[in-house]
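Each chain gets a letter, A, B and so on, in the order the sequences are listed, and its residues count up from 1. Being a predicted model, the structure only gives us computed values, none of them experimental.
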Number of protein chains: 2
Amino acid sequence: MVDTQARAVERGPGRPREARVTGAALNAVVELITEQGVAAVTMDAVAARAGVSKPALYRRWPSKQALIVAAAETRIGPLSVPDRGDLRAELRDVLSSRSASYRLPGTDRLLAELIGAAARDSAVREEYAAYADRVTSETRIILERAQARGEVRPDVDIRSAATLVAAPLVYRLLAERDLPDARFVDNLVELIVRAVTHES
Amino acid sequence: MVDTQARAVERGPGRPREARVTGAALNAVVELITEQGVAAVTMDAVAARAGVSKPALYRRWPSKQALIVAAAETRIGPLSVPDRGDLRAELRDVLSSRSASYRLPGTDRLLAELIGAAARDSAVREEYAAYADRVTSETRIILERAQARGEVRPDVDIRSAATLVAAPLVYRLLAERDLPDARFVDNLVELIVRAVTHES
DNA sequence: CTGATATCGATACTTCCGGTAACGAATCAG
DNA sequence: CTGATTCGTTACCGGAAGTATCGATATCAG
């Protein structure tokens, strides 16, 4: 990840890492988790599926959990949030995009495993926190822009509101064990807009 | 849990289960997870800490994950929701109570492990789904009562709104890695009330 | 071209942990 | 008393995470 890119740039001595290995491994994780569930994701299975040796995996990621975090990031990365000058439209954009990611098969298990891994290992936890922050920052940006425009009431606490926007999709997926569909997104947008703006 | 109570009532032949074992095991799980983290919760460690044998654990819970689910339920069980005739007050009640539970040390790790375990094992998943449903039902009840009173707009979708209420606390705890404090609860209550009622 | 370095795949290994089996002792119902 | 089920103790099995070592290969510095 960061390590890989840095090494690819600085180009120290020795045989360079084969680019094929990294991609194949991340793919294998997603495939295994989608087809057979989290329990099937063993390092041996990932190595076999990717056509790669186990030590090659450990040269790239310090643990299985770190590998899973990296795989998750290929699925649910940060989004770009174009400024459309309209809170409702931007909320609909970001929530629709994210709910589409969440509806991909296997994403629920990937996310659940991510949370579990973060609880286990402190190194993974920090990486996960940074990732989560990156993911939620766009929501915060949308709200801040709208507040600057006067569309969002000045007394609204942006951080609380950002949590209110980001949380329901994940909760619907992981706690309520259901897919966040378009109707749910519509309902959320209306509720949130009413919560943070001056509309009646 | 259910199994234990049923057996304690029907009283079949044979040596009865020692009540001490169940409680000591659940305590040990919470203590271990709080003091040393999830990784320290091995069945051997739980047995040792509880002064109990490993087979005694497996006579009560079919797997380690089931044991953790049971331990979690002792921490974050369902709440009673007295009808106070006022949406804002009832929301404040339920969110304050729940955020107090979440602030107990170790609850974050317990919850994260719960989600991870649900992703791994289908039996645990169903048990967890039932538990989650129990937990969120009170929120739904509050909203339905308020809608019947006319306090909540008739066009509000109760299920979506219930998710909007239940999700932020957990999200703040697990994704944003921060404790849901009283100020956050206040902010949420105001945002949600504005979202679902006729107030401007 | 040469030597140093770091990768590759393959294999074997250690270690830890979840879960089970087998025991004798204890405690109930009938 | 008899049969059933629990208890704790101990030992064991199997799987999976992570490491070590190997010869072979690829790149860089000089």
Item to complete: Using a 4.0 Å heavy-atom cut-off across all strands, classify B:Val41 as base, sugar-phosphate, or nothing.
Response: sugar-phosphate
Worksheet item: Do the side chains of A:Leu104 and A:Leu32 join up, straight or via other hydrophobic residues, at under 4.5 Å, putting them in one cluster?
Response: no
Worksheet item: A:Ile141, A:Leu169: one ILVMFWY side-chain cluster at the under-4.5 Å cut-off?
Response: no
Item to complete: With side-chain hydrogen bond (donor to acceptor under 3.5 Å, both in side chains) as the test, would you mind laying out the steps for B:Arg103 and B:Thr107 before giving the verdict?
Response: CA-CA 7 Å; B:Arg103 280 198 303 270; B:Thr107 303; over 6 Å; no
Please report, rounded to the nearest Å, how far the [atom2] atom of [N] is from the [atom1] atom of [X].
| X | N | atom1 | atom2 | value |
| --- | --- | --- | --- | --- |
| A:Trp61 | D:dG18 | CH2 | C1' | 16 Å |
| B:Leu57 | D:dC7 | CG | C1' | 12 Å |
| A:Leu32 | D:dA16 | CG | C1' | 14 Å |
| B:Met43 | D:dT9 | CE | P | 16 Å |
| B:Arg17 | D:dA4 | CZ | C1' | 14 Å |
| A:Lys54 | D:dT19 | NZ | P | 10 Å |
| A:Arg120 | C:dC17 | CZ | P | 12 Å |
| A:Glu113 | D:dA17 | CD | P | 11 Å |

Choosing from [options], which nucleotide comes nearest the side chain of [X]?
| X | options | value |
| --- | --- | --- |
| A:Asp44 | D:dG8, D:dA16, C:dG18 | D:dA16 |
| A:Tyr58 | D:dA26, D:dA17, D:dT9 | D:dA17 |
| A:Arg60 | C:dC8, D:dC7, D:dT19 | C:dC8 |
| A:Ser53 | C:dG9, C:dG19, D:dA20 | C:dG9 |
| A:Val21 | C:dG9, C:dT7, D:dA17 | C:dG9 |
| B:Ala56 | C:dC8, C:dG19, D:dG8 | D:dG8 |

Just N and O in the side chain of [X]: are any of them under 4.0 Å from OP1 or OP2 of [N]?
| X | N | result |
| --- | --- | --- |
| A:Arg15 | D:dT25 | no |
| A:Arg20 | C:dT7 | no |
| B:Arg59 | C:dA21 | no |

Discussion item. Within this structure, what is the CZ-NZ distance for the pair A:Arg120 and A:Lys64, rounded to the nearest 0.5 Å?
Written reply: 8.5 Å
Discussion item. Please determine whether side-chain hydrogen bond (donor to acceptor under 3.5 Å, both in side chains) holds for the pair B:Arg60 and B:Thr22, giving the CA-CA distance in whole Å, both sets of side-chain angles, and the decisive distance to 0.1 Å.
Written reply: CA-CA 8 Å; B:Arg60 284 167 177 75; B:Thr22 302; 2.8 Å; yes
